[in-house]
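Only a predicted model underlies this, so the values are computations on that prediction, with no experimental measurement involved.
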Amino acid sequence: MSSSFMESPSFLFTSESVTEGHPDKICDQISDGVLDAMLKLDPKARVACEVSCTTGLVVVMGEITIREGYVDIPSLVRETIKEIGYTDPAYGFDYKSCGVMVAIDEQSSDISGGVTTALEARETRATEDEIESLGAGDQGMMVGFACDETPELMPLPMALSHRLTQRLAEVRKSGELEYLRPDGKSQVTVEYSKGKPKRVHTVLLSNQHSEEVSNSKIEEDLVEKVAKTVVPENLLIDTRFIVNPSGRFVIGGPVGDTGLTGRKILVDTYGGMARHGGGAFSGKDPTKVDRSAAYAARWVAKNLVAAGVATRAEVQISYAIGVSAPISVSVETFGTNVISNENIDGIVQTHFDLRPGAIIRDLDLRRPIYKQTASYGHFGRTDLDLPWERTNKSDEIRKYAGL
């Protein structure tokens, strides 16, 4: 996406979200539930936990190193499935009857050594200070994004998609629409004019439901009690509503589709509005830069936009495994910047330390805060107090930039 995004007279852009009962999101929540449980016992636990689920079975796999303590993973799995809402055998998948298989090993000693003592620390023998000594847990590039389309500085299609799936869960759990079941999806298409949202073109909602309810009843309820309560009225201009376009959606959840951790990376981030490094978040402790650096990149981008440096900012950070300092840091503002690119680079270098140890320190990431992010997005969450969503650097940046 280039500066032409802001110059195009009109175009459509679509993002999607899924509910907490979607098979992939079940897996993300279990992975992060395991991570949180490990961090409660040992804030320096090394966790890489993957989950897959299918009809009647959940498989928990990964590499975990913890100094002491024990986590009852099967019980954690069942409690998570219960919280999501798979409580009835009639759904084909429920927390009491599903099998749970656990296959956990320790983190590779080769990886552990490079993460615990970074290349720079090995060269200088400065191994006491974790900020100096901690190396990146993997190579790769991580991307953060922010824009001024919503108060939370998220792309509008993504923000609305998440609000719709949250609303689907709300009306299900409250009993307002008691025929709904946990699996569901949303999709929002927004028409843009010269880079700014003009109207919501299409709202698509699909949700698993019980046998006895009619398609017409589902459509009426989801349009009136979900879509129109979420999408601002001023954006509902000739909007098309599509509900359960395949017809019946009785078979859902892990019975209808196998789930896997990390398979909804655009739902977790910016809905395709920004580039993506390819790494998933859930089940990974903060030494894995797939997670911590993606959070830091969002923190940087959000503070730049909040400070008024640009109305759109995409930040890319890259790392080498076992090396502390980023290989590269770059910022793209799509022609919306009000100060020079050189000054923006200076702001990032001056106000943000993007070494893994510093990110963990500055964002306080060794806490069990992750399961709550495993559905409805990791960014733009006004319902959660997430450190990477704070604009605590914006005043400093504004002053530095002379704005």
Legend entry - Note: Glu63-Arg46 ion pair, threshold 4.0 Å (strictly below): no
Inset, instruction - Indicate yes or no for a side-chain donor-acceptor contact from Ser75 to the backbone of Asp72 under 3.5 Å, with no hydrogens or angles considered. - result: no
Legend entry - Asp385 and Arg390 ion-paired at < 4.0 Å: yes
Legend entry - Minimum heavy-atom distance Leu76-Ala37, with the two atoms named: CD1-CB, 3.7 Å
Inset, instruction - Using the test side chain to side chain contact (heavy atoms under 4.5 Å, CB included), find all partners of Ser10 that sit at least two apart in sequence or belong to another chain. - result: Glu191
Legend entry - Salt-bridge present (Arg312, Glu149; N to O < 4.0 Å): yes
Legend entry - Whether Phe334 and Phe145 hold their rings parallel, tilted or perpendicular, with breakpoints at 30° and 60°: perpendicular
Legend entry - Arg167 to Val230 - nearest heavy-atom pair and separation: CB-CG2, 3.8 Å
Inset, instruction - Would you give the length of the straight line joining atom OG of Ser17 to atom CG of Leu266, rounded to the nearest 0.5 angstrom? - result: 11.5 Å
Inset, instruction - Salt-bridge test for Asp138 and Arg291: reply yes if a basic N is under 4.0 Å from a carboxylate O, no otherwise. - result: no
Legend entry - Tyr370 and Phe281 aromatic centres sub-6.0 Å: no
Legend entry - Thr336 side-chain N/O to Thr311 backbone N/O, donor-acceptor pair under 3.5 Å: yes
Legend entry - Reference residue Ile344; test side chain to side chain contact (heavy atoms under 4.5 Å, CB included); the match among Ile397, Val331, Val315, Val338: Val331
Inset, instruction - Could you list the residues that satisfy salt bridge (Lys or Arg N to Asp or Glu O under 4.0 Å) with Glu396, not counting sequence neighbours? - result: none
Legend entry - Donor-acceptor under 3.5 Å (Arg298 side chain, Ala294 main chain): no
Legend entry - Closest non-hydrogen atom pair between Ile347 and Ala401, with its separation: CD1-CB, 4.1 Å
Inset, instruction - Give a yes or no on whether the backbone of Thr202 and the side-chain of Thr239 come within a donor-acceptor separation of less than 3.5 Å. - result: no
Inset, instruction - Please check if the side chain of Glu389 supplies one atom and the backbone of Phe379 the other of a donor-acceptor pair under 3.5 Å. - result: no
Inset, instruction - Spell out, as yes or no, whether a donor-acceptor pair under 3.5 Å connects the side chain of Ser394 to the backbone of Asn303. - result: no
Inset, instruction - Quick one: closest heavy-atom pair of Val213 and Ser210, and the distance? - result: CG1-O, 3.5 Å
Inset, instruction - Would you check if the side chain of Arg78 reaches a backbone N or O of Cys98 as a donor-acceptor pair within less than 3.5 Å? - result: yes
Legend entry - Salt-bridge criterion met for Lys284 and Glu50 (N-O under 4.0 Å): no
Inset, instruction - Evaluate the side-chain proximity of His276 to Val143: yes if any heavy-atom separation is below 4.5 Å, no if none is. - result: no
Legend entry - Ionic contact status for Glu83 with Lys371, cut-off 4.0 Å: yes
Inset, instruction - Measure across Cys53 and Pro254 and return the closest heavy-atom pair with its distance rounded to 0.1 Å. - result: SG-CG, 3.8 Å
Legend entry - Side-chain ion pair, Asp364 and Arg367, N-O less than 4.0 Å: yes
Legend entry - Centroid-centroid under 6.0 Å between Tyr86 and Tyr95 rings: no
Legend entry - Polar side-chain atom of Ser31 near backbone of Cys49 as donor-acceptor pair, under 3.5 Å: yes
Inset, instruction - Identify whether the distance between the nearest side-chain nitrogen and carboxylate oxygen of Asp42 and Lys44 falls below 4.0 Å. - result: no
Inset, instruction - Could you tell me how the ring of Trp388 sits relative to the ring of Tyr295: parallel (under 30°), tilted (30 to 60°) or perpendicular (over 60°)? - result: parallel
Legend entry - Ion pair check, Lys217 and Asp221, cut-off under 4.0 Å: yes
Legend entry - Pair Arg355 + Asp353, salt bridge at N-O below 4.0 Å: yes
Legend entry - Criterion side chain to side chain donor-acceptor pair (under 3.5 Å) against Trp299, the qualifying member of Asp362, Thr391, Asn392: Asn392
Inset, instruction - Taking only Lys NZ, Arg NE, NH1 and NH2, and the carboxylate oxygens of Asp or Glu, determine whether Glu20 and Arg181 approach each other closer than 4.0 Å. - result: no
Legend entry - Salt-bridge criterion met for Lys264 and Asp24 (N-O under 4.0 Å): yes
